[in-house]
Amino acid sequence: MKNLEIADLFYNIAEILEIKEENPFRVRSYRKVGQVLETLTEDVFKIYERGCLAALQEIPGVGEAIARKIEEILKTGRLEYYEKLKTSVPPGLVALLSIPEIGPKTARLLYDRLKITSIEELEKAIKEHKVRELPGMGAKTEDNILRGIDLLRRRKERLPLGVAQPIAQGIIEALKVLPEAEQVIYAGSLRRMKETVGDIDILVSSTKPEAVMDAFTTLPQITEVLSKGKTKSSVIAEKGTQIDVRVVEPQSFGAAIQYFTGSKEHNIKLRELAIHKELKINEYGVFRVKTGEKIAGRTEEEVYSVLDLPWVPPELREDRGEIEAAKANRLPILIEISDIKGDLHVHTNWSDGTHTITEMVERAERKGYQYLAITDHSYSLRIAGGLSEERLKEQIREIGKLNEKIDKFEILSGIEVDIKRDGSLDYSDDLLKQLDIVIAAIHSGFKMDMEAMTLRIIKAMRNKYVNIIAHPTGRIIGERDPYQVDIEQQIMAAAETGTFLEINAFPDRLDLKDIHAQTAKEKGVLLCLGTDAHNIMHLDLMFYGVATARRGWLERKDLLNTLPVEKLMEKLRQKRS
DNA sequence: GCCGTTTTCGGCCCGACTGTTTTCAGTCG
């Protein structure tokens, strides 16, 4: 079983235990292990091979009991404990938990009293008004559960960051004009720049919260109000997106941003730290337990500071070692958008882009870049107007002429060359040699098995003219899974051959993803950012690439295109010599 | 079930909203 499957298994255990009203901390332990396994870059099996149970117990949240369970899963492909546990609860009952409004207590009650074991049976019981007869239930609860079922059925996948961010921005603009609203900001996974966002959290500081709530719940883009209180409301807006708005007093704004930015795991760790210092953290501030005195809350920096920690950038707040790093004063100095000196993956109307080389260059200059790599598609990709050898030579000459005309800016002639099924490239080495930069990528034959795909890419890396592998796993978020490729081997091969790996900044891709970028950095691989722009507006997508790099703990030195042009050219030529 | 600059045992994050209650339990984030 793979990491994600094992994680799912532990999640299931947690849910069943919850229905059985087991010790909630035990439930949390299983859930925690699920979360950790999901974000682990190394295969659990490899960890186990390396050092058996002891190595497994190095994984945070894994103790002796769970290590033994993982061992059993790896050895036998199943877990006896889980198989037994499953039989103790009707299978449909766990599914009820996925309905918003229904938690373990309600699920249990529905089963004990009405023998309900599926969503369909629950619907039927509600229509017969049987649920309202149960203790603690009423007509309104029945309505809410029905609405929950409806919500579940039309619930969308998590939104890609590139979709959620503009929606949030729109709401923020609308709230900012309110005279009652002082500061407005998005928090949650959006502020942490996670690649997908479940719902949008917005935070407002105001001394008149009710006025803000009234205005928010009546905005034109809102289609449904789920709940509305004095300081907190939830609504459904464009594309079925849930938006939660929370209002706090200005003197608590910092504590509230910290609290609502999360992640949950990060915050739990912080609060545990606070307890050791006899402090209590909530969304209103940091308080002394004994006296109730408030000692921080206006800014986020204050909150971290009273815990003797430096401020932690939101992109790092995933409980993946950032608190330990902060304690030791070893937080990375994350790359900023202003560190980016140029875009290294750009298409023009020579292939499937919409704008000319000149138009792209002008836009890049206006963004303050020092260089731009023109990397149109290669011949195999006919559908995208891939360049023939002749056309590419022509483009090289054209770029040469343009470079003579401009000052203080360098246009790099490049290509996004297709890696063919056998790992060979679309053009001869003689032609590749004439380019400043060669990006290699896979655009066809996605369905190869892992071994073949990995070899295919590694073979391309061994070509001394290939500088960069573009979108190394080929995923399209929410649409296409990554191709089967051994990412660890790919990273090792990149280190060995002096090839760079791209973080494709296009928000549907973000490929490499955060945790893989981090692994690459740790293995000494240099990464580079490219927007894959097909028009001038796309050059602005660099924002999302930088966010992904930051989530991967990358610093300026870890990225190719933070270098000034001379150093960049030097790096690009290194592999050839 | 995990974990340790209080601890190898006894803790384990915190509050808003809702609906059903007459003071609170359940759910959610």
Side-chain angles (χ1 to χ4, degrees), chain A residues 10 13-14 17-18 21-36 56-70 81 96-110 131-145 147-148 151 187-190 197-203 209 213 225-234 242-248 252 255-256 258-287 289 307-308 319 324 327-328:
Chain A
F10 283 122
I13 291 177
L17 291 177
E18 204 164 35
E21 295 178 45
E22 263 277 4
N23 177 354
F25 299 108
R26 223 175 130 212
V27 174
R28 204 177 93 182
S29 298
Y30 281 107
R31 202 157 272 154
K32 168 85 186 170
V33 172
Q35 278 158 359
V36 170
L56 290 176
Q57 284 190 61
E58 298 280 304
I59 303 170
V62 177
E64 201 189 323
I66 289 185
R68 284 189 193 286
K69 290 192 170 71
I70 295 176
Y81 168 72
L96 292 185
L97 293 181
S98 59
I99 304 172
E101 308 276 334
I102 297 206
K105 293 286 193 315
T106 313
R108 183 84 212 187
L109 180 73
L110 291 167
V131 173
R132 64 177 65 175
E133 308 296 327
L134 300 175
M137 301 279 150
K140 274 225 163 123
T141 317
E142 284 188 336
D143 283 349
N144 284 339
I145 294 173
R147 193 175 62 175
L151 220 55
S189 53
L190 183 54
V197 171
D199 60 9
I200 294 173
D201 297 297
I202 292 176
L203 211 60
M213 290 289 88
V225 178
L226 296 175
S227 73
K228 181 186 172 197
K230 278 187 212 147
T231 63
K232 181 185 169 187
S233 297
S234 294
Q242 180 167 336
I243 304 181
D244 299 336
V245 169
R246 188 68 186 261
V247 188
V248 296
S252 295
Q258 197 292 314
Y259 182 91
F260 288 106
T261 297
S263 66
K264 200 171 167 183
E265 294 73 34
H266 175 89
N267 284 357
I268 288 175
K269 272 252 171 92
L270 273 195
R271 279 177 227 137
E272 281 168 1
L273 272 186
I275 290 171
H276 292 312
K277 295 183 188 294
E278 301 201 318
L279 299 173
K280 186 181 80 163
I281 308 178
N282 59 29
E283 60 260 59
Y284 303 110
V286 185
F287 303 85
V289 172
L307 298 172
D308 294 323
D319 189 20
E324 293 74 7
K327 270 192 207 161

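By convention in this document, chain letters (A, B, ...) are assigned in the order of the sequence lines, proteins followed by strands, and residues within each chain are numbered from 1.
Between Asp319(A) and the choices Gln35(A), Lys269(A), His266(A), Lys264(A), the side-chain hydrogen bond (donor to acceptor under 3.5 Å, both in side chains) rule is met once, by Lys269(A).
Tyr30(A) comes within 4.0 angstrom of the backbone, heavy atoms only, and of no base. Among the atoms of the strands shown, none is found under 4.0 Å from any heavy atom of Pro24(A). Residue contacts for Thr231(A): at a heavy-atom cut-off of 4.0 Å it reaches the sugar-phosphate backbone alone, with no base atom in range. Using a 4.0 Å heavy-atom distance criterion, Ile281(A) is classed as a sugar-phosphate-only contact. Residue contacts for Asn282(A): at a heavy-atom cut-off of 4.0 Å it reaches the sugar-phosphate backbone alone, with no base atom in range.
Taking atom CD1 of residue Ile145(A) and atom C1' of nucleotide dC28(B), one finds them 15 Å apart after rounding to whole Å. In this entry the distance linking CG of Asn267(A) with C1' of dG29(B) reads 11 Å, nearest Å. One atom, CG of Asp244(A), and another, C1' of dC28(B), lie 9 Å apart when rounded to the nearest Å. As rounded to whole Å, 20 Å separates atom P of dA16(B) from atom CD1 of Ile202(A). Taking atom CG of Leu96(A) as the reference point, atom C1' of dT27(B) lies 15 Å away to the nearest angstrom. One interatomic measurement links the two molecules: CD of Gln242(A) to P of dG29(B), which rounds to 6 Å at whole-angstrom precision. Rounded to a whole Å, the CD atom of Gln258(A) is 14 Å from the P atom of dG15(B). Rounded to a whole Å, the CZ atom of Arg26(A) is 10 Å from the P atom of dC2(B).
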Short N/O separations, protein against nucleotides 18-22 of chain B, under 3.5 angstrom:
from, atom 1, to, atom 2, distance (Å)
dT18(B), OP1, Lys228(A), N, 2.9
dT18(B), OP1, Lys228(A), O, 3.3
dG19(B), OP1, Asn144(A), ND2, 3.1
dG19(B), O3', Thr141(A), OG1, 3.1
dT20(B), OP1, Gly138(A), N, 2.8
dT20(B), OP1, Gly138(A), O, 3.3
dT20(B), OP1, Ala139(A), N, 3.3
dT20(B), OP1, Lys140(A), N, 3.3
dT20(B), OP1, Thr141(A), N, 3.2
dT20(B), OP1, Thr141(A), OG1, 2.9

Anything under 3.5 Å between a protein N or O and an N or O of nucleotides 3-9 of chain B, put it in a table, one pair a line.
from, atom 1, to, atom 2, distance (Å)
dC3(B), OP1, Gly61(A), N, 2.7

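Between Gly148(A) and Pro100(A), the shortest heavy-atom contact is O-CD, 3.4 Å. When every heavy atom of Lys277(A) is checked against every heavy atom of Asp308(A), the shortest pair comes out as NZ-OD2, 3.1 Å.
Annotation: side chain of Thr231(A) is not in contact with side chain of Val248(A) (no heavy-atom distance under 4.5 Å). Counting heavy atoms from C-beta on, the side chains of Asp244(A) and Asp199(A) come closer than 4.5 Å. A 4.5 Å side-chain heavy-atom check between Leu134(A) and Leu110(A) finds at least one atom pair inside the cut-off. Residues Glu21(A) and Lys105(A) meet the side-chain proximity criterion, which asks for heavy atoms closer than 4.5 Å. By the 4.5 Å heavy-atom criterion applied to side chains, Asp201(A) and Leu190(A) are not counted as neighbours. A heavy-atom distance below 4.5 Å is found between the side chains of Leu307(A) and Ile281(A). Counting heavy atoms from C-beta outward, Glu101(A) and Thr106(A) have side chains that stay 4.5 Å or more apart.
Comparing dT8(B) with dG4(B), their P atoms sit 13 Å apart, to the nearest whole Å. The same atom, P, is picked in dG15(B) and in dG10(B); the two are 26 Å apart, to the nearest Å. Comparing the same atom, C1', in dG26(B) and in dT20(B) gives a spacing of 11 Å after rounding to whole Å. Nucleotides dC28(B) and dT22(B), compared at atom C1', are 24 Å apart to the nearest Å. Here, dT23(B) and dC17(B) have their C1' atoms 16 Å apart, quoted to the whole Å. Between dT21(B) and dA25(B), the distance separating the two P atoms is 14 Å to the nearest Å. Going from the P atom of dT6(B) to that of dG11(B) covers 16 Å, rounded to whole Å.
Figure legend. dT8(B) is base-paired to no nucleotide; pairs are counted as Watson-Crick or G-U wobble with both atom distances under 3.5 Å.
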Sequence neighbours excluded and cut-off under 3.5 Å, please list the side-chain donor-acceptor pairs for residues 62-69 of chain A, or say none.
from, atom 1, to, atom 2, distance (Å)
Glu64(A), OE2, Arg68(A), NH2, 3.3
Lys69(A), NZ, Tyr30(A), OH, 3.3

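Regarding contacts with the backbone of dG15(B), a side-chain N or O of Lys280(A) is found under 4.0 angstrom from either OP1 or OP2. Tyr284(A) has a side-chain polar atom (N or O) that falls below the 4.0 Å cut-off from OP1 or OP2 of dA16(B).
Across the interface with DNA chain B, nearest-nucleotide mapping of Ser233(A) and Ile102(A) shows Ser233(A) to be the residue nearer the 5′ end. Nearer to the 5' terminus of DNA chain B, by closest-nucleotide assignment, is the contact made by Asn23(A) (compared with the other of Thr106(A) and Asn23(A)).
In this structure, the nucleotide among dG15(B), dG1(B), dT27(B) sitting nearest to the side chain of Ile66(A) is dG1(B). For Ser29(A), counting side-chain heavy atoms from C-beta on, the closest listed nucleotide (dC14(B), dC2(B), dG15(B)) is dC2(B).
Counting non-hydrogen atoms of other residues, nucleotides and ligands closer than 6.0 Å to CD of Glu278(A) gives a total of 12 or fewer.
Applying the 90° criterion around 0 to the glycosidic angle, dT7(B) comes out syn.
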